[in-house]
Amino acid sequence: MSSLILYIYKAALNILYFSGLYKLAAPITRGRGVIFTLHQVSDQPLDEFSPNSILTVTPDFLEQTIKTVLEEGYEIISLKEMTEREEGGAGQKPFAVFTFDDGYVDNKDVALKIFEKYDIPIAIYVVSEYSSHQGELWWLALEEIIRQNDSVKNPYMEGQVLPTRTTAQKYRAFDKIYWPMRHSNQHHQRITIRSLAEENDYDIDQLTRKLIMDWDQLKEINNSPLVTLGAHTKSHFALSRLTSAEAKSQVTEGLLKMEKELGEQAEHFSYPYGSRQCAGPRDFDLLKNLGMKTAVTTRKGVIYDAHDDHQTALPRVSLNGDYQHQKYLKVFMSGLPFRLYNFWNRLDVK
Ligand SMILES: [Zn+2]
């Protein structure tokens, strides 16, 4: 998100917060509850150049968030409990579900410890190749390659060498490569990041080994009654950018591998990237037809009764690094900003 748009968006959230509008609207707009999106949890100090830092929250922020959610009168429940809930009757508390994408080791070492302290459930979505320590965490590899080098060839502009000495240059180069790479053919994306890594003597395979839980670690945490493991495909490709047959095999191969390794079938799913461009109605139908109980996107919103018929197109609220403040959290939980953004519609499933 550009810094100007972020500034405007934060200003709007501040107006909703300080005017108290979010509180007035909440009984109408907060719906049945909210599903939160998280990725990594770490208190490692950030490098000046950290373009993926929005995907990381600190343990303090996570714990404070749990406290705020409970203080606001929400019940923190599992995905299973969410699907079993009857339509919101009078007096029923709104719910919150915490979900983590990709299966980072810090989910076990840091996040789970906090969830155990409060005795509340956590869901983690697993990419079967990543947990086999294969595949490419391409966005993190790109960050590392740019961090470690003073110049990098632009794979999307023949002959162009991007200077990456200063922090500003590193950010510019990241933006120049990240977006074409994210939107490119998903197979080419992985070929391109691998050759960029090779050109710059960067060992891309150590990233999954360093950052992602392997099957033994997943088995270990899956013993906890607080943990739900969901599926996040085989290779973390954007489903919308694949043919129907490819999308189906990405999902089913991921599910089969999980079943083989963990001895049980996943019932919950998260779309890689999860945005409108990366997961659409064809994919919502695919997951429904495969019998998934729920599938979550990264479209922004809270959960209403109307979502009962769209359990494989659920919106979430991201707790990403740009909004690490409890006032934003309260405004998001009210559902109001999403209703305003969405022309007052409850559903965004097209
Ligand atoms: Zn993901």
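Throughout, numbering of the chain's residues begins at 1 and tracks the sequence. We count ligands from 1, going down the list as the structure has it; atoms in each ligand are counted the same way.
- Between Leu262 atom CG and Glu259 atom CD the span is 9.5 Å, to the nearest 0.5 Å.
- Legend: protein N/O/S atoms lying under 2.8 Å from the Zn ion (ligand 1), waters omitted, number 3.
- Taking OG of Ser132 as the start and NZ of Lys234 as the end, the distance is 10.0 Å to the nearest 0.5 Å.
- Under the 4.0 Å criterion applied to side-chain N and carboxylate O atoms, Glu144 and Arg147 are assigned as salt-bridge partners.
- Not a single ring pair (Phe, Tyr, Trp, His ring centres under 6.0 Å) links Tyr125 to another residue, sequence neighbours left out.
- The line from CZ of Phe284 to CG of Asn289 is 13.5 Å long, rounded to the nearest 0.5 Å.
- Although no hydrogens or angles enter the test, the distance criterion places a donor-acceptor pair under 3.5 Å between the side chain of Gln189 and the main chain of Met181.
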